[in-house]
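Worksheet: the structure to be examined is printed underneath.
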Amino acid sequence: MNSPRSIASAPCLSRRTLLGSLSAIGIGSLSFQRALVAQVEEKLVFDEKLIANAEWIAGLELTDEERAIVASGMERALRNAENLRATVVDFDTAPALVFRPDFYYDRAHLAEAKPVSRAGSAVAEVRCGWLAEPQPVVPSESELPFASIATQASLLAARKLSSRELTQVYLRRIEKHAPSLNCIVTLLEEHALEQADASDRRRAQARDGAGFNVLEGIPWVAKDLIAVPPWKTTWGAEPFKDQVRTSVATVAEKLVDAGAVLLAKVTLGALAMGDQWFGGMTKNPWNLSQGSSGSSAGSAAAVAAGLATFALGSETLGSIVSPTRRCRTSGLRPTFGRVSRAGCMPLAWSMDKIGPIARYAEDLAYVFANLVGSDGRDPTLVNRGFQWPRKHPVNSLRIGLTTDPLNAVEQQVLEYFKSSGAEIVEIDLKTEIPISAMNFVLSTEAATVFDGTFRQDRGANYGQWTSTFLRSQFTPAIQYLQANRLRSPLIVELEQKLSKVDVLLGGDDLLLTNLTGHPSVVVACGSDPANSTPMPGVAKLTAAAYREDLLLHVAKEIQAVLPPQPMQPALS
């Protein structure tokens, strides 16, 4: 038997250091670690008996020789953990382990007799598709902010409206309603007017409006985890409220290239959780006594209140779906890897998605078409086509239905599908893979992102994350990697199920689909009979990977039959 490893000669290994190091290498619970450190402090040795007492953590029974091997490596492991902590890693640095679900999506389709077509390009069509609409009459100032992108773009192209005039309408609404909604972090009034004027000059110098992007001159707002220097990007959290990132986010660059006008950076729950940020709670425009949900709290609230034509949000586990449901607007959570996250706050590298929020499903399509494509910055990006507009008769649709209950408006949508001749297909989303046990993947990645800041200032206000950051220190690496290994067959299983239908209506699948990276859309439609205050209802649709075009097409059809009523919240 080897001699015990003494650590008496290593005075740097204090009680705090030992506890921190044990957590870094994933050994045991907090109480176990404290007990282990107490033994080490008393004996000042890592011996075989000490290792034997810890074997229950790993679920293994070691031989004497194996215990000696573990003991001999403990001091080195502790020092390695300290060295890792001492290495500064920027927030934008992702791990070398890249999550690429497209491999599993494609593998799931190898056995399909008729694989789903992913082909199609939409950018050219999106540039001119709205010109087919008749030239509209200029709406009143109370109606114009709630007009669709197609309507606003047609007015701009016909020179019946300037981008400056449209921008000023939104700025006046922001001045009037943003304080009660608490949804603006940084107002960019001067910058917005400069962008609008530049857009108007481009149109004035052009022969006609046909060559312009549909988003040219259209005002939007950005969730404040999207970096747009030289302005602050606060991530909604007190420790970062004065932060200015050096690199602009790819999605912001793409919208600048499209000619869109950025009005403001809007709120998000602290570090992308909830609707409570360092400036308070963001409110639901339909019910000012209620939060707007999160974490894309300001994005959904601003669009619902008519403070912008559209917004960008993000989702890791419900942060687009939840606030769009609450604020009765529409939102697209794209397939993982469709839209670059470069320049956006990372929360969980293998789960983060950026997506548009708007009042109309068709607006989501116009914005999404301008966001897709690789950028050389986000290694998870996948180049897939997006076909818009899409033609797919309702009576040829296959609508998936689970055993989960539908809300009242989703039930109306189902009746519409049935009466239109669509095929209703029962889908069983149950799986033998323990989905609920995999939720810690998000927590572990988030704790890793913010580990350096959290260790430097444990007492700072991280919103709802403090306890999660503490607990995640004790997640073994093997547990994290095993959970991610299980995601591979889970992706294949769900892709095979979703490929049997065109869209899935409703369904309690938020954790499941965020783990697998499948797309969902929330569409504002009809009127919610369950509310005493008149407000639109919402329906959720989910689809197989990269089928955003079909998702949005079906959502558009639903809105045409069940338009959201009323369109405007009764803001005082």
Side-chain angles (χ1 to χ4, degrees), residues 145-146 148-149 170 173-174 177-178 180-185 219-226 236 251 262-270 272-277 279-334 344 353-361 363-364 367-368 371 407 409 510 514 520-525 528 531 533 535-541 555 559 564 566-571:
F146 295 90
S148 67
I149 287 178
Y170 280 120
R173 286 190 66 84
I174 288 173
H177 297 299
S180 60
L181 295 171
N182 196 21
C183 65
I184 302 290
V185 181
W220 69 289
V221 293
K223 184 175 180 177
D224 201 30
L225 54 63
I226 299 170
V251 289
L262 179 60
L263 295 168
K265 305 290 292 297
V266 292
T267 59
L268 67 154
M273 183 185 287
D275 50 26
Q276 189 82 30
W277 61 294
M281 177 182 285
T282 300
K283 303 299 180 61
N284 175 10
W286 298 94
N287 181 358
L288 293 178
S289 65
Q290 183 183 60
S292 64
S293 187
S295 67
S296 302
S299 299
V303 167
L307 307 190
T309 307
F310 70 92
L312 289 189
S314 68
E315 173 155 328
T316 308
L317 184 58
S319 290
I320 290 176
V321 170
S322 180
T324 51
R325 278 173 161 168
R326 176 70 60 83
C327 294
R328 310 305 168 121
T329 188
S330 300
L332 172 66
R333 182 194 75 212
C344 302
K353 283 84 59 181
I354 306 295
I357 294 174
R359 286 175 289 277
Y360 300 93
D363 290 359
L364 299 176
V367 178
F368 180 67
L371 300 179
N407 65 39
V409 172
L510 204 56
N514 273 287
S520 287
V521 65
V522 171
V523 54
C525 56
D528 187 354
N531 256 290
T533 301
M535 64 179 67
V538 289
K540 183 174 74 68
L541 303 170
Q559 277 191 324
M567 177 58 69
Q568 300 185 31
L571 293 169

Hey, could you give me the [atom1]/[atom2] distance between [X] and [Y], rounded to the nearest 0.5 Å?
X      : Y      : atom1 : atom2 : answer
Phe146 : Met567 : CZ    : CE    : 8.5 Å
Ile357 : Ser314 : CD1   : OG    : 8.5 Å
Leu181 : Leu307 : CG    : CG    : 6.0 Å
Ser180 : Lys283 : OG    : NZ    : 8.0 Å
Leu263 : Thr309 : CG    : OG1   : 7.5 Å
Thr267 : Asp224 : OG1   : CG    : 8.5 Å

Polar side-chain atom of Gln559 near backbone of Ala524 as donor-acceptor pair, under 3.5 Å: yes

Heavy-atom side-chain contact between Asn284 and Met535 under 4.5 Å: no

Sub-4.5 Å side-chain heavy-atom contact between Leu510 and Glu315: yes

Of Ile320, Asn514, Leu332, the residue whose pairing with Lys353 passes side chain to side chain contact (heavy atoms under 4.5 Å, CB included): Asn514

Candidate list Val321, Thr329, Leu541, test side chain to side chain contact (heavy atoms under 4.5 Å, CB included), partner Val522, passing option: Val321

For Asn182 against Trp277, the heavy-atom pair lying closest together: OD1-CZ2, 3.2 Å

Can you tell me if [X] and [Y] form a side-chain donor-acceptor pair at under 3.5 Å?
X      : Y      : result
Ser322 : Ser293 : yes
Ser292 : Arg326 : no
Ser299 : Lys223 : no

